[in-house]
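See below for the structure under consideration.
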Amino acid sequence: MKTEKQFPPKEDADDGHGTWFGIEVNGDYRMFAWTHSKAEGGSTEYGTEYKEKALDTLKEQLNKKTELARELENMLHNGDSDENALNAIKDAWNKLTVWNVPVEKDIIKRYEKALNAFEPKMEEIKQNIAAKSTIVDQAKELLDADNFRNARNELDKLKDSLREIGSAGSAKDDEFHEQIREIENTLRTKQKNFNEHINESRSTAETKKTELISQAKKLVSNVSNFKETNVKMNELFDAWKTAGSAGHEVDEKLWEEFNGLRKQFFDARQKFFDERDEQLKKSGETKQKLIEEAKAIVEKNDFGRSAADRMKALDKEWRAAGYSGKDINDSLWDTFTKTKEAFWSAKKAIFTKAVEADIEKAQKELDKINKELEDLEYRLEVAPNPTMKKDVEDTIYVKRNEKTDKEKELEELKKKASE
């Protein structure tokens with residue numbers, strides 16, 4: 001067994017080494033203080049920072065270490081998860097000197113044993129705290145429940161779950177249990193207040209729900225815009241959910257009527273959109289057929305009156321087909337318009353060419369009449385007798401009328417060409 005022995009200061013007059021003070025541990029000496037002899041100057045040399053108080057400090061620190069080990073053991077025994085307290089013990093321990101004496105080694109073993117057991121225990125306590133905190137949070141959510149009986153039953157289940165979890169430390173366990181008790185008391189108070197005012201609250205809820213049914217009837221009976229009405233119906237439903245309970249039987253009766261109105265609206269809305277989609281589909285199919293017919297007319301290069309009349313009829317049929325939906329309506333119209341433009345452009349080109357030919361012909365005929373008038377006017381000047389002069393004048397009169405008619409014809413043809 002290791003032993004330690006104290007050597008008090010002692011003056012040895014013969015050896016001339018002065019006085020020496022320290023301890024012996026199994027044959028090893030540790031100096032605390034050495035006052036040299038007068039021959040060596042009489043100065044004092046210290047073996048530790050504590051100088052002449054080294055021995056007292058050793059005793060005090062050994063006692064302090066014993067106290068810290070005991071505090072750690074008590075925390076472990078009590079399930080104390082105070083991490084700040086643990087760190088304070090560690091800091092206090094680390095600030096103490098290591099003396100390497102046998103009794104200190106026993107204290108260190110005691111301290112490290114408690115520390116090694118405490119840290120896993122602290123982790124377990126942390127997990128238990130987290131689990132119990134979750135249960136308490138779930139219990140708090142029950143305070144917003146509308147059905148107090150169900151809430152009380154759920155709270156009982158949570159209390160059982162809380163008991164099944166290990167210790168979270170005595171202080172935290174007391175805190176969690178106190179929170180659960182407060183929640184339970186609050187639920188009791190709310191239930192008591194509810195029971196005291198249940199008839200009044202049910203009457204109020206019934207009045208609210210009856211009014212919502214009345215509003216729903218008005219909406220369903222006069223739907224002009226399904227999108228806007230849908231928003232209003234959803235608003236009524238949201239208001240229904242917050243109207244409160246009018247009692248089980250009354251609630252069921254009112255809900256059956258209210259939900260029936262909602263179903264009536266949603267069925268009508270679905271029918272409307274189904275019919276609209278079918279109409280859009282038919283409109284698109286009809287317009288596609290009109291486009292194909294218009295293309296066929298253009299490809300035939302027939303720009304006569306019959307073809308022109310049919311192209312005009314296609315326009316009317318297009319308008320009668322109605323809207324085809326935002327996805328294809330513009331695209332169909334663009335194709336149809338381009339096809340019509342191709343027809344009318346080609347027809348106009350042919351018409352313009354024909355009119356130009358008629359203008360050229362009328363101009364030649366007018367030029368011929370003018371020439372004939374010039375010849376007749378000359379013949380009138382040289383006519384040898386009144387009878388012949390009278391015949392020429394009559395002919396000139398006829399030709400001038402022909403000229404007037406031809407000029408009008410030419411003017412009309414030029415007007416057509418310019419249109």
Side-chain angles (χ1 to χ4, degrees), residues 78-86 120-213 215-216 230-263 266:
N78 295 330
D80 191 345
S81 61
D82 189 345
E83 193 165 4
N84 291 331
L86 174 64
K121 183 67 175 179
M122 178 175 284
E123 184 60 33
E124 178 186 345
I125 288 173
K126 287 182 180 179
Q127 294 176 0
N128 292 341
I129 289 174
K132 290 187 176 184
S133 295
T134 299
I135 291 176
V136 170
D137 289 340
Q138 292 172 349
K140 289 178 180 178
E141 293 177 0
L142 297 175
L143 293 174
D144 296 326
D146 294 329
N147 190 313
F148 295 106
R149 177 179 295 178
N150 291 343
R152 292 285 298 278
N153 291 336
E154 289 299 318
L155 184 61
D156 288 339
K157 293 178 183 178
L158 292 176
K159 287 165 65 177
D160 291 338
S161 299
L162 195 67
R163 284 191 287 269
E164 291 173 359
I165 300 174
S167 174
S170 57
K172 291 297 292 184
D173 282 337
D174 290 343
E175 179 183 335
F176 289 134
H177 287 304
E178 180 60 28
Q179 287 178 314
I180 291 295
R181 280 195 295 271
E182 289 178 0
I183 293 170
E184 191 169 25
N185 290 336
T186 301
L187 281 175
R188 285 198 186 97
T189 301
K190 290 182 70 173
Q191 185 172 11
K192 180 181 178 182
N193 293 335
F194 175 80
N195 291 336
E196 291 175 352
H197 301 88
I198 188 169
N199 292 330
E200 180 182 348
S201 62
R202 285 181 176 178
S203 177
T204 301
E206 183 177 1
T207 301
K208 289 180 180 178
K209 290 182 176 180
T210 301
E211 176 59 27
L212 292 173
I213 289 172
Q215 294 178 38
N230 183 65
V231 172
K232 293 178 180 178
M233 287 295 289
N234 288 334
E235 289 174 351
L236 292 182
F237 183 54
D238 291 338
W240 184 278
K241 290 185 288 185
T242 60
S245 173
H248 180 68
E249 293 183 2
V250 176
D251 275 340
E252 284 194 343
K253 180 181 178 182
L254 294 174
W255 171 250
E256 183 178 357
E257 185 175 4
F258 181 70
N259 196 44
L261 291 168
R262 293 176 71 242
K263 187 176 185 302
F266 291 132

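Heads up: numbering here begins at 1 and tracks the sequence. No experiment lies behind these values; they were computed from the predicted model shown.
Taking CD1 from I135 and CD1 from I180, the interatomic distance works out to 8.0 Å, rounded to the nearest 0.5 Å. Taken from CG in D160 to CD1 in I165, the straight-line distance is 11.5 Å, to the nearest 0.5 Å. Note that CG of L162 and CG of N128 are 10.0 Å apart. Values are rounded to the nearest 0.5 Å. Atom CG of L158 is separated from atom CZ of R163 by 11.0 Å, given to the nearest 0.5 angstrom. Here the CD atom belonging to E164 is positioned 11.0 Å from the NZ atom belonging to K132, to the nearest 0.5 angstrom.
A205 and S245 get closest at one heavy-atom pair: CB-O, 3.4 Å. When all heavy atoms of L155 and L187 are compared, the closest pair comes out as CD2-CD1, 3.9 Å. Taking all atoms of both residues into account, the shortest heavy-atom contact from F266 to N234 is CZ-OD1, 4.5 Å. Residues V136 and F176 come closest through the heavy atom pair CG2-CD2, 3.8 Å. Contact record, D251 with A246: OD1-N, 3.0 Å, taken as the closest heavy-atom pair. Nearest approach of I213 to F258, heavy atoms of both residues: CG1-CB, 3.9 Å.
Proximity of R202 to E206: side-chain heavy atoms (C-beta onward) are nowhere separated by under 4.5 Å. Within the 4.5 Å cutoff, no side-chain heavy atoms of L236 are placed close to those of R262. Here the side chains of N185 and E182 are not in contact, with every heavy-atom distance at 4.5 Å or above.
We find that E256 and K253 are not joined by a salt bridge, their nearest charged nitrogen and carboxylate oxygen being 4.0 Å or further apart. Between D238 and K241 there is a salt bridge, since at least one side-chain N of the basic residue sits less than 4.0 Å from a carboxylate O of the acidic one.
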side-chain contact (heavy atoms from CB on, under 4.5 Å) between E175 and K172, intermediate numbers included: CA-CA 5 Å; E175 179 183 335; K172 291 297 292 184; 3.3 Å; yes
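Checking each of K209, Q215, K208 against E211 for a side-chain contact (heavy atoms from CB on, under 4.5 Å) leaves exactly one that passes, namely Q215. Residue L142 is tested with R152, E154, E184 for a side-chain contact (heavy atoms from CB on, under 4.5 Å); the sole match is E154.
The aromatic rings of F237 and W255 are tilted relative to each other, their planes meeting at an angle between 30° and 60°.
In this structure a side-chain-to-backbone donor-acceptor pair under 3.5 Å is missing from K232 to A216.
Within 6.0 Å of CD in E178 there are more than 12 heavy atoms belonging to other residues, nucleotides or ligands.
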